[in-house]
Amino acid sequence: MEKKLSFSVDNVLNDPQKSALLEINRPVLILAGAGSGKTRVITHKIAYLIKEHGYAPWNILAVTFTNKAAKEMRERVYKLLHMSEDGVHPYSNHSLWITTFHSSCGRILRREIDKIGYKTNFTIYDTDDTKSLIKDVIKANKLPSPSENLYNIISYISRCKNQFETPEHVIQLGMDDGDHFVQQVGKIYELYEKKLFENNALDFDDLLIKTINLFETDSDTLKHYRDLFQYIMVDEFQDTNPCQYKLIKLLAEGRDCISVVGDDDQSIYSWRGADISNIINFGNDFKNCLVVKLEQNYRSTNHILNAAHSVVRRNERRLDKKIWSDKGEGLKLKYFDCDDDRSESEWVVKELLNLHDSEVPLNHIAILYRMNYQSRILEDALNREGIPCIIIGGIKFYERMEIKDMLAYLTVMVNENDSIALKRIINIPKRGIGETTLGKIDIISAELGLSFEKAIDYCVENKMLRNPAKDKLLLFFDWLREIKKKKSDMSISQFFEYIIDEIHYSEHLKENYDNYDDRLENIRELGRAIVQYESEQMEPTLEHFLMEISLRSDIDQFHEEDGAVLLMTAHNSKGLEFENVFIIGMNEGVFPHYRSIDNYEDMEEERRLFYVGITRAKMRCYLSSSNRQMSFGQIKFYKPSRFISEIHPSYIEKVITDEHDDIMQTEQEIFNHYYKKQGENRKILDKLANSSNRIKKSEDIQVGDILLHKEFGEGEVIKINEKGDMTTVLLSFPDGNRLLILKYAQLYK
DNA sequence: GTCGTCTATATTTCT
DNA sequence: TATAGACGAC
């Protein structure tokens, strides 16, 4: 039977897309290949529900992972509903719940969190704040400083949190296994959680966890939101972690009002706890679900799709599907292997200029890489040729020192319990309140279980602080109280300007930083963001603004219309598409990343990441590698990436040029080249570690040879004691003779 | 408590 | 390379 739609999807959607849209009485799992129009399905389905089935916009919850994806989805729905782009008419700006997981939770908690003991003016901590808080916790509680680096501790805690492991349980686990690290982290975790609560702060994970807590402890609230969200859609479902999945289940389980879209081949966030089994097990939790595969790609030509497929099909853990398009074969991928990273970026620039000559606009070109630092050398090369470029990611705007300073000021005005924000600003500009004083207060706060502010009072009352520090503290808090009073008399932007003046922040920047111009400009940019926020919101509040800001990242506000080449990591490119895509640094240890080389599952993820990269390209895809790369001031040698050889040869064309520097054939020559250039840099000697000049056998040397040791320098061979594997050499170094085991000593000719 | 200098040290990726 | 942290001088 044919269904008549006044909201026409007949010419916009293909058959599988349509079936995914029309099914609203069963759960729907949409397995959507790259470029198969999954956003189109979601947005049309939202519009369809509203227009054809009378759903109110606020009764639909659609969640994704990035603000950018959410924003795009919102705009597309507005268009379909003929709303204005800011969504104000005919529904209010708040009417649509098309957001990220984190901001939808933030929005819920902003209203409800007092039900689980927090105050609604809570602060959201980013990774930076989390790091500071953990440092503080270790110090204040006089815990031994852990041998592992902070990042490992933070991610361990985050993993525990996302799997609903309590600190007590983690500590117990650590004791049972005699695992010292786990015990230690468990302790830090416990104190960290306590401190977060004291500070009335939530970290990113908490936004989800506390929402779940809320729903689990307060059934009325859960019921309210279950009734509110009559239909739920999840984009990028392959990226959901246990927490996100649980949240969705809480809201939708037992009902049929859910559609999820995902592509297991594009799962690239397992390091953040994303679990592909969520997509694989979806059918178990949501019975009788309709599975739709979208395999037609609307983006790329087939050589690109086939090349991408020939790589990703090597993964064992994947659902079988193959994307195709009706756009013809198109061009093969172009691959160029370069001598070093400098010539690699020059090659990219050259190809890029060729494209430009054939009238390809610059904003149709993206250059992707595995790690942010790879952008630098490219940026230089592009600048040399005067090609404008925009780098996405990297040092993020909202993570800049001066931005964080000012946001901390605003935060303190809103949440007086936030010790991280308070400590950040208490001595900026210099007020003579230093580490020692703050450390003392932290310790008291930890020992007596007092909040930071209470601990200050306690220290003052009990005369525990010496006079200059004490007076300055009191002075500061007097000042702070005065400032806070002004808050209600002004708009957010006025208040912001007022604080800047009041603390003489521009003077502070001028006195302390060479690049104060840039920093001042950033502050102005933040001011503009505030003004913009105020103009967009019907009821702007500082609390809400700060939340928006803390969940925002750089990629959100890039505009395609800028006539510039885009540079970004492969991760950041997900969900985007470009006529022409370059992927640089196709080397073992770079892409795939060296930390995934020894781990099969990680390697599969790298492969998926590469798959994501290739499938961004509509027309042309360029790949390049380089044998030598300058990284952190050192030259490193690399082999071409295994992924290059994993591409079926019929879809890739290797570029041969005559521009290789034939002069440097051997490792020795390469070494000499740099050695001469950079002088006696010991670090350079490290590079020899893998070179052919490493002496491993006694046949390679004789008495009288001069050998090189990276620490001891040059030494003359005095004696060789043949003992098979354990052969030793006696060498005379500038600082004396040494006996070394040939096999282990790093000696070079 | 602050400032400057030196050294060690780390390098991935939505929110 | 670049930057955070340690250390010592004031």
Side-chain angles (χ1 to χ4, degrees), chain A residues 63-70 99-106 124-132 135 145 149-152 155 158 162 202-208 235-236 238-241 243-244 266-274 368-374 376-377 392-396 398-399 401 427 429-440 465-469 472 511-512 547-556 568-576 585 589-596 602 605-606 608-609 612-613 629-636 683:
Chain A
V63 278
T64 70
F65 285 84
T66 63
N67 295 299
K68 183 170 167 42
T99 52
T100 63
F101 272 101
H102 290 86
S103 71
S104 52
C105 288
I124 297 169
Y125 280 174
D126 65 15
T127 352
D128 214 46
D129 303 322
T130 293
K131 215 166 145 184
S132 315
K135 269 191 214 163
S145 52
N149 70 31
L150 266 183
Y151 173 79
N152 290 339
S155 56
S158 169
N162 279 306
L202 305 183
D203 63 18
F204 285 143
D205 299 326
D206 280 337
L207 285 170
L208 292 138
D235 192 14
E236 307 282 12
Q238 75 283 351
D239 287 339
T240 49
N241 69 20
C243 238
Q244 287 148 349
Q266 293 187 70
S267 162
I268 54 175
Y269 287 105
S270 73
W271 54 276
R272 298 227 49 204
L368 311 182
Y369 35 80
R370 180 66 235 274
M371 287 168 284
N372 274 313
Y373 76 81
Q374 293 172 274
R376 179 176 293 142
I377 187 158
I392 294 178
I395 319 124
K396 296 181 178 62
Y398 293 102
E399 285 168 15
M401 181 217 86
N427 209 24
K430 297 254 175 316
R431 296 189 177 95
I433 307 165
E435 276 301 308
T436 323
T437 313
L438 297 176
K440 208 182 273 176
L465 295 169
R466 284 169 197 282
N467 208 329
K472 281 168 180 164
E511 279 159 25
N512 292 286
M547 177 170 87
E548 294 266 296
I549 285 288
S550 57
L551 296 174
R552 191 185 287 183
S553 70
D554 281 12
I555 197 167
D556 303 340
M568 68 186 91
T569 62
H571 279 91
N572 269 328
S573 77
K574 199 170 89 163
L576 306 176
V590 179
F591 202 168
H593 192 268
Y594 69 89
R595 288 175 80 149
S596 61
D602 290 348
E605 181 146 321
E606 293 289 306
R608 291 191 292 267
L609 182 58
V612 168
Q629 290 176 36
M630 195 73 162
S631 105
F632 296 98
Q634 294 182 42
I635 295 133
K636 288 190 173 149
K683 286 176 180 171

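Residue numbers start from 1 in every chain, and the chains themselves are labelled A, B, ... in the order their sequence lines are given, proteins ahead of strands.
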Rounded to the nearest angstrom, tell me the gap between atom [atom1] in [X] and atom [atom2] in [N].
X: A/M547; N: B/dT15; atom1: CE; atom2: P; result: 15 Å
X: A/R370; N: B/dT12; atom1: CZ; atom2: P; result: 9 Å
X: A/E435; N: B/dT2; atom1: CD; atom2: P; result: 9 Å
X: A/N241; N: B/dT13; atom1: CG; atom2: P; result: 19 Å
X: A/Y373; N: C/dT3; atom1: OH; atom2: C1'; result: 17 Å
X: A/Y594; N: B/dT12; atom1: OH; atom2: P; result: 6 Å
X: A/D128; N: B/dT15; atom1: CG; atom2: C1'; result: 14 Å
X: A/M568; N: B/dC14; atom1: CE; atom2: P; result: 12 Å

Counting only side-chain N and O atoms of A/N572, is one of them less than 4.0 Å from OP1 or OP2 of B/dC14? yes
_Does C/dG5 have OP1 or OP2 under 4.0 Å away from a side-chain N or O of A/K135?_
yes
Select base, sugar-phosphate, or nothing to describe what [X] touches, counting heavy atoms under 4.0 Å on all strands.
X: A/K131; answer: nothing
X: A/D239; answer: base
X: A/K430; answer: sugar-phosphate
X: A/Y151; answer: base
X: A/N427; answer: sugar-phosphate
X: A/R376; answer: sugar-phosphate

C1' gap between C/dT3 and B/dC14, integer Å:
25 Å
On the 0 to 90° scale, with breaks at 30° and 60°, tag the A/F204-A/H102 ring pair as parallel, tilted or perpendicular.
perpendicular
Practice problem: Quick one: sort the A/H571 and A/W271 rings into parallel, tilted or perpendicular, breaks at 30° and 60°. | Solution: perpendicular
Winner on side-chain proximity to A/H571, out of B/dC14, B/dT15, B/dT13, is B/dT13
Checking B/dT2, B/dT15, B/dC14 against the side chain of A/T100 (C-beta onward), the nearest is B/dT15
Closest heavy-atom pair, A/Q266 versus A/K574, reported as atoms and distance to 0.1 Å, is O-NZ, 3.5 Å
Of A/T437 and A/T569, the one whose nearest nucleotide on DNA chain B sits closer to the 5' end is A/T437
5'-most contact on DNA chain B (nearest-nucleotide basis), A/H593 vs A/R272, goes to A/H593
query = Are the ring of A/Y269 and the base ring of B/dT13 both nearer than 5.5 Å at their centres and tilted by less than 30°?
reply = no
Practice problem: Answer yes or no: are there more than 12 heavy-atom neighbours, outside A/K440 itself, under 6.0 Å from its atom NZ? | Solution: yes
Taking the side chain as everything from C-beta on, heavy atoms only, tell me whether A/S550 gets closer than 4.5 Å to A/D126. no
Between A/R370 and A/H593, is any pair of side-chain heavy atoms under 4.5 Å apart?
yes
